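Down below is the structure, laid out as structure tokens.
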Amino acid sequence: MHLAYDLLDDWDALILVDALPCQGSPGTLHVFEADFAGLPGPAGLDAHAMDPAAVFAGLTALGGAPPYTVVIGCEVETVADGIGLSDSVTAAIPGAVAAIEAATARLANREV
């Protein structure tokens with residue numbers, strides 16, 4: 001919920017880096033603009049919800065609106081309990097860093 005509260009401030013944009021469900025290719029990066037049109041309406045606040053949809057629903061429930069958001073996601077190999085990243089996700093880190101740098105550069109040159 002900290003992110004939802006932080007987004008109540010006047011932000012022009014957000015780069016969200018997150019894990020994505022595996023669609024058959026662990027370590028694959030996906031970069032896309034968030035589409036808030038399909039989000040459910042405001043619901044009760046859940047301070048323990050961890051997924052971005054819950055964060056943005058919480059933001060809406062608090063009276064805020066999400067900023068323009070670029071998502072950089074990496075398909076996970078496993079969601080089993082453990083410490084550390086899988087080899088496929090670890091191998092994706094340089095590409096994720098490059099994607100973050102590219103998104104930051106695009107946002108820096110974007111008219112708001």
Side-chain angles (χ1 to χ4, degrees):
M1 282 310 299
H2 292 289
L3 178 56
Y5 283 108
D6 288 344
L7 289 174
L8 289 172
D9 292 335
D10 189 26
W11 293 98
D12 294 326
L14 170 68
I15 297 174
L16 180 63
V17 181
D18 203 0
L20 298 176
C22 188
Q23 299 176 19
S25 299
T28 299
L29 293 173
H30 300 271
V31 179
F32 56 93
E33 295 176 12
D35 178 9
F36 299 109
L39 285 179
L45 296 178
D46 180 359
H48 299 288
M50 299 281 294
D51 67 88
V55 171
F56 292 122
L59 173 63
T60 302
L62 291 168
Y68 172 81
T69 301
V70 175
V71 179
I72 299 169
C74 182
E75 289 187 30
V76 299
E77 186 169 315
T78 180
V79 293
D81 288 341
I83 296 176
L85 302 173
S86 66
D87 290 342
S88 57
V89 172
T90 299
I93 291 173
V97 170
I100 294 165
E101 290 171 340
T104 302
R106 280 193 311 274
L107 290 173
N109 294 318
R110 182 174 169 259
E111 291 292 324
V112 186

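None of the values given here were measured: they were computed from a predicted structure. Along the sequence shown, residues carry numbers from 1.
- The shortest side-chain heavy-atom distance between V71 and V31 does not fall under the 4.5 Å cut-off.
- No chain of hydrophobic side-chain contacts below 4.5 Å, direct or via other Ile, Leu, Val, Met, Phe, Trp or Tyr residues, connects V76 to I93.
- Judged purely by atom type and a 3.5 angstrom limit, E75 has no side-chain atom pairing as donor or acceptor with the backbone of T28.
- A donor-acceptor pair under 3.5 Å is formed between the side chain of W11 and the backbone N or O of D6.
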Checking S88 against E77 for the side chain to side chain donor-acceptor pair (under 3.5 Å) test, could you report, in this order, the C-alpha distance in whole Å, the side-chain angles of both residues, the deciding distance, and whether it holds?
CA-CA 7 Å; S88 57; E77 186 169 315; 2.6 Å; yes

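- Hydrophobic clustering of Ile, Leu, Val, Met, Phe, Trp and Tyr side chains at less than 4.5 Å, counting indirect connections, keeps V97 apart from L16.
- Nearest heavy atoms, A4 versus L59: O-CD1, 3.4 Å.
- Clustering ILVMFWY residues whenever any of their side-chain heavy atoms sit less than 4.5 angstrom apart, transitively, puts L62 in the very cluster that holds V55.
- Under a hydrophobic clustering in which Ile, Leu, Val, Met, Phe, Trp and Tyr are joined whenever their side-chain heavy atoms come within less than 4.5 Å, directly or via other members, L29 and V70 fall into different clusters.
- Scanning both residues, I15 and A103, for their nearest heavy atoms gives CD1-CB, 3.9 Å.
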Start with the C-alpha distance between Y68 and L14, add both sets of side-chain angles, then the distance that settles side-chain contact (heavy atoms from CB on, under 4.5 Å), and finish with yes or no.
CA-CA 6 Å; Y68 172 81; L14 170 68; over 6 Å; no

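- The 12-atom threshold is not exceeded at CG of D10, counting heavy atoms of other residues, nucleotides or ligands nearer than 6.0 Å.
- A 4.5 Å side-chain heavy-atom check between L7 and P66 finds every atom pair outside the cut-off.
- Using a 4.5 Å heavy-atom threshold, the side chains of F56 and T69 count as touching.
- Put simply, the side chain of I72 does not reach to within 4.5 Å of the side chain of F32, judged on heavy atoms.
- S25 and C22 get closest at one heavy-atom pair: N-SG, 3.7 Å.
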